[in-house]
Number of protein chains: 2
Amino acid sequence: MFRQDALLDLAFQALADPSRRAMVDRLAIGPASVSELARPLALSLPGVMQHLAVLEASGLVRSQKIGRVRTCSIEPTAFRQAEQWIAERRALWERRLDRLGQFLEETKDE
Amino acid sequence: MFRQDALLDLAFQALADPSRRAMVDRLAIGPASVSELARPLALSLPGVMQHLAVLEASGLVRSQKIGRVRTCSIEPTAFRQAEQWIAERRALWERRLDRLGQFLEETKDE
DNA sequence: TAAACACTTAAGTAGAGCCTTAAGTAATAC
DNA sequence: GTATTACTTAAGGCTCTACTTAAGTGTTTA
């Protein structure tokens with residue numbers, strides 16, 4: 001319960017930054033090295049590393065180092081959880097609107 | 001393009017805080033006043049107001065004041081956009097994994 | 001072995017973010 | 001008309017973030 005909530009924190013926090021979303025965009029296509037992630041961003045490499053650390057801490061991305069290059073890739077599970085959290089709230093609200101509309105419809109002629 | 005990206009920033013930022021997610025949780029059930037939102041939170045009222053301002057700035061929530069009570073409710077559009085952003089990236093990645101699995105399957109006996 | 005490469009660590013800084021208390025304002029209830 | 005209610009504004013403090021430059025470490029290439 002605590003654990004789950006804290007992870008959502010980290011995931012949404014991670015997605016709140018445009019540089020990190022750009023990194024995710026790149027990774028959605030397929031794995032990439034740190035330098036590849038850095039190339040399109042106007043950031044120093046340490047800056048990119050820090051963003052990567054945030055993404056990894058959130059569980060959205062994982063990476064492994066082979067030789068001198070670190071390869072990063074997307075971890076779909078965390079994406080699914082964040083997506084679901086939003087979807088559930090939206091569904092709840094929309095169901096409510098439906099009921100309300102139905103109620104208005106039914107009582108229209110009173 | 002810029003506009004859209006900045007709004008996603010604000011939406012994910014807004015969802016990154018557990019107090020704000022609690023407020024959204026409450027609002028998913030139906031509209032509520034500021035005090036109602038505040039009651040379960042261990043926060044001063046101005047604190048809650050600030051969170052509300054963040055939620056409104058992100059477009060996830062809107063509110064209107066009637067008399068002396070401000071009523072808040074969920075704005076589903078912004079939820080849909082955040083949800084879609086995540087879903088698209090996940091779909092892209094999973095499609096890739098499928099292709100990869102298919103490729104491995106096809107070349108298994110070589 | 002020396003140079004180049006791909007990170008990695010450390011340290012420092014400017015600005016945001018989250019929270020508080022204190023002091024309003026406007027609407028309702030008594 | 002005074003008290004209560006329901007917010008609202010302002011100001012300040014403390015922490016966290018996003019970035020930087022400078023100086024490493026370990027791997028490959030020439």
Side-chain angles (χ1 to χ4, degrees), chain A residues 2 5-27 30-73 82, chain B residues 2 5-27 30-74 78 82:
Chain A
F2 165 79
D5 205 53
L7 269 182
L8 274 176
D9 259 40
L10 293 174
F12 286 127
Q13 189 84 257
L15 295 176
D17 183 275
S19 301
R20 284 194 291 263
R21 281 207 306 283
M23 290 167 74
V24 167
D25 266 345
R26 169 60 192 79
L27 290 176
S33 71
V34 176
S35 326
E36 272 179 284
L37 290 179
R39 198 167 306 127
L41 301 174
L43 280 181
S44 65
L45 209 57
V48 175
M49 292 289 299
Q50 283 169 21
H51 282 308
L52 178 59
V54 173
L55 286 168
E56 291 207 58
S58 75
L60 291 164
V61 166
R62 80 191 142 72
S63 75
Q64 56 177 334
K65 195 167 182 178
I66 296 175
R68 67 184 171 184
V69 28
R70 174 174 298 279
T71 303
C72 312
S73 51
Chain B
F2 164 78
D5 205 52
L7 269 184
L8 274 176
D9 258 40
L10 293 174
F12 285 127
Q13 189 82 258
L15 295 177
D17 183 275
S19 302
R20 285 193 293 263
R21 281 205 307 282
M23 291 167 73
V24 166
D25 267 343
R26 167 62 190 81
L27 291 176
S33 71
V34 175
S35 325
E36 272 181 285
L37 290 178
R39 198 166 308 127
L41 301 174
L43 278 181
S44 65
L45 209 57
V48 174
M49 292 290 300
Q50 282 169 23
H51 282 307
L52 178 60
V54 172
L55 286 168
E56 291 207 59
S58 74
L60 291 165
V61 166
R62 80 191 142 74
S63 75
Q64 57 178 336
K65 196 168 182 176
I66 297 176
R68 66 185 171 183
V69 27
R70 174 174 298 280
T71 302
C72 313
S73 51
I74 279 196

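Residue numbers begin at 1 in each chain, while the letters A, B, ... track the order of the sequences. This is a predicted model, so every value here is computed, not measured.
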Whole Å only: how far is the CG atom of Leu52(B) from the P atom of dA6(D)?
-> 16 Å
Nearest whole angstrom, please: distance from the P of dC7(C) to the CG of Leu41(A).
-> 14 Å
Would a 4.5 Å heavy-atom cut-off, applied to side chains only, mark His51(A) and Leu41(A) as touching?
-> no
Give a yes/no answer on whether the side chain of Ser33(B) brings an N or O atom under 4.0 Å of OP1 or OP2 in dA6(D).
-> no
Every protein N/O lying under 3.5 Å from an N/O of nucleotides 14-17 of chain D:
none

Apply salt bridge (charged side-chain N to carboxylate O under 4.0 Å, His left out) to Glu56(B) and list each qualifying residue two or more places apart in sequence or on a separate chain.
-> none
Round to the nearest Å and state the distance from Met49(A) atom CE to dA11(C) atom P.
-> 17 Å
Can you check the Arg21(A) CZ to dA18(D) C1' distance for me, whole Å?
-> 15 Å
Arg26(A) side chain to Glu36(A) backbone, donor-acceptor under 3.5 Å | no
Hey, is the main chain of Asp5(B) close enough, under 3.5 Å, to the side chain of Arg21(A) for a donor-acceptor pair?
-> yes
Are any non-hydrogen side-chain atoms of Ile66(A) and Thr71(A) less than 4.5 angstrom apart?
-> no
Per-nt protein contacts along nucleotides 19-29 of chain D (heavy atom under 4.0 Å; B base, S backbone sugar-phosphate only, - none) come out as BBBB---BBS-
Once you round it to whole Å, what is the distance between C1' of dA18(D) and CG of Asp9(B)?
-> 13 Å
Without swapping roles, check the side chain of Arg20(A) against the backbone of Ala14(A) for a donor-acceptor pair under 3.5 Å.
-> yes
Exactly one candidate in Val24(B), Leu55(B), Leu60(B) meets side chain to side chain contact (heavy atoms under 4.5 Å, CB included) with Ile74(B); the answer is Val24(B)
Within this structure, what is the CG-to-P distance between Leu15(A) and dA18(D), rounded to whole angstrom?
-> 12 Å
Validation row: Leu37(B), Leu27(B) side chains within 4.5 angstrom (heavy atoms) | yes
